[in-house]
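Note that the coordinates shown come from a computational prediction; the quantities given were computed from them, not determined experimentally.
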Amino acid sequence: MRLERNMRRYGITDVGDAERHGYHVPGPLVRASPTTAVDHACSREADDRLWDGVPEADFAWLSALDSGSVVRSESDPAVVAVTRAWSRCMRTHGFTYPDPLAALQDPVWRLDSPASSPRERAVAVSDARCKRTTGYVTVRSAAETRFQEELIVRFPARFTALKQARDRLLRNAEQLTTHRYERKRERHLVRSRESP
């Protein structure tokens, strides 16, 4: 199972995932395989081609804004209210946490271990259900969206530069993958012609 970007931005939201995995991230851990000098050279070449001609843009600034919007939304009055509602809902299930992050970060879960405990799964299921019944994710996302839209209005030049950089990166990535596909296809055709 592949986690989509931002899938757990507000913690666990899928009851099925919570039932199976608790707060643990589903799927096997990705381990890096040993690399060779050829792998590094190929990686450098791909990286160079990917970033070729990409205009300068402040991706670190964008990343900081992304994190900041999560933090800033926590103090939004609607988010404060929905967080209280979520906490009350959790109490009706027998769990006492002030907010979803506290439930996720409960040290009892041992998130570095390979499996979740029955209690962790029970808390995670209640967490996901309480988010759904209170509208937690909708309220939280709306607060972040308002903040992000304010930033787009305040910093149009920076966002234009980021969009131009992103567009060029995507074009470069498409060219790289198309080129790689065509090379594989050519090798396959050559092999099929050579085989009896």
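Looking at residues two or more places apart in sequence or on another chain, you find a salt bridge (charged side-chain N to carboxylate O under 4.0 Å, His left out) between D58 and R158. R168 pairs by the salt bridge (charged side-chain N to carboxylate O under 4.0 Å, His left out) definition with nothing, not counting sequence neighbours. Take S69 and apply the side-chain contact (heavy atoms from CB on, under 4.5 Å) test, not counting sequence neighbours, and it matches R9, D66, E144, F147, Q148. Applying the ring-ring contact (aromatic ring centres under 6.0 Å, His included) rule to F159 yields the partners W61; only residues at least two apart in sequence or on another chain are considered.
The line from CZ of R88 to NE2 of H93 is 13.0 Å long, rounded to the nearest 0.5 Å. Atom CD of E174 is separated from atom CG of L176 by 10.5 Å, given to the nearest 0.5 angstrom.
Side chains of E149 and V153 form no contact here, defined as non-hydrogen atoms less than 4.5 Å apart. R146 has its side chain within reach of D76: a pair of non-hydrogen atoms, C-beta onward, lies under 4.5 Å apart. V123 has its side chain out of reach of D106: every pair of non-hydrogen atoms, C-beta onward, lies at least 4.5 Å apart. Using a 4.5 Å heavy-atom threshold, the side chains of T13 and R132 count as separate. Within the 4.5 Å cutoff, side-chain heavy atoms of D17 are placed close to those of R8. The side-chain heavy atoms of L169 and F59, taken from C-beta on, include a pair separated by under 4.5 Å.
For the pair W51 and N172, the tightest heavy-atom approach, listed with the atom from each and the gap, is C-ND2, 4.1 Å. Nearest heavy-atom pair, G22 versus I12, reported as atom, atom and distance to 0.1 Å: O-CD1, 3.7 Å. Closest heavy-atom contact between A165 and P55: CB-O, 3.6 Å. Shown here for A122 and F95, the closest heavy-atom pair between the two residues is O-CE1, 3.9 Å.
The backbone N or O of G16 sits less than 3.5 Å from a side-chain atom of R20, completing a donor-acceptor pair. Formation of a donor-acceptor pair under 3.5 Å by the K131 side chain with backbone atoms of Y10 is found in this model. Looking at S141, its side chain never comes within 3.5 Å of a backbone N or O of T138 through a donor-acceptor pair.
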Passes side-chain contact (heavy atoms from CB on, under 4.5 Å), R140 versus T83? Steps please.
-> CA-CA 9 Å; R140 190 76 192 262; T83 301; 5.7 Å; no
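Linking ILVMFWY side-chain heavy atoms closer than 4.5 Å, directly or via other members, places V137 and V139 in a single hydrophobic cluster. Transitive grouping of hydrophobic side chains (ILVMFWY, heavy atoms separated by less than 4.5 Å) keeps Y136 and V70 in distinct clusters. In this structure, L101 is a member of the same hydrophobic cluster as L111, with clusters built from ILVMFWY side-chain heavy atoms closer than 4.5 Å.
For the 3.5 Å distance criterion, the side chains of Y23 and D127 qualify, holding a donor opposite an acceptor. In this model, a donor atom of one side chain and an acceptor atom of the other lie less than 3.5 Å apart for S87 and R91. Side chains of E120 and H24: a donor on one and an acceptor on the other come within 3.5 Å.
Classification of the W86-Y97 ring pair by plane angle, with boundaries at 30° and 60°, yields tilted.
Counting heavy-atom neighbours within 6.0 Å of R84 CZ, excluding the residue itself, gives a total of 12 or less.
Residue pairs that meet the disulfide (SG to SG under 2.5 Å) test with at least one member in residues 100-159, sequence neighbours left out, are C89-C130. Counting only residues at least two apart or on different chains, no disulfide (SG to SG under 2.5 Å) pair has a member in residues 49-82.
Using a 4.0 Å cut-off between a side-chain N of Lys or Arg and a carboxylate O of Asp or Glu, K163 and D167 qualify as a salt bridge.
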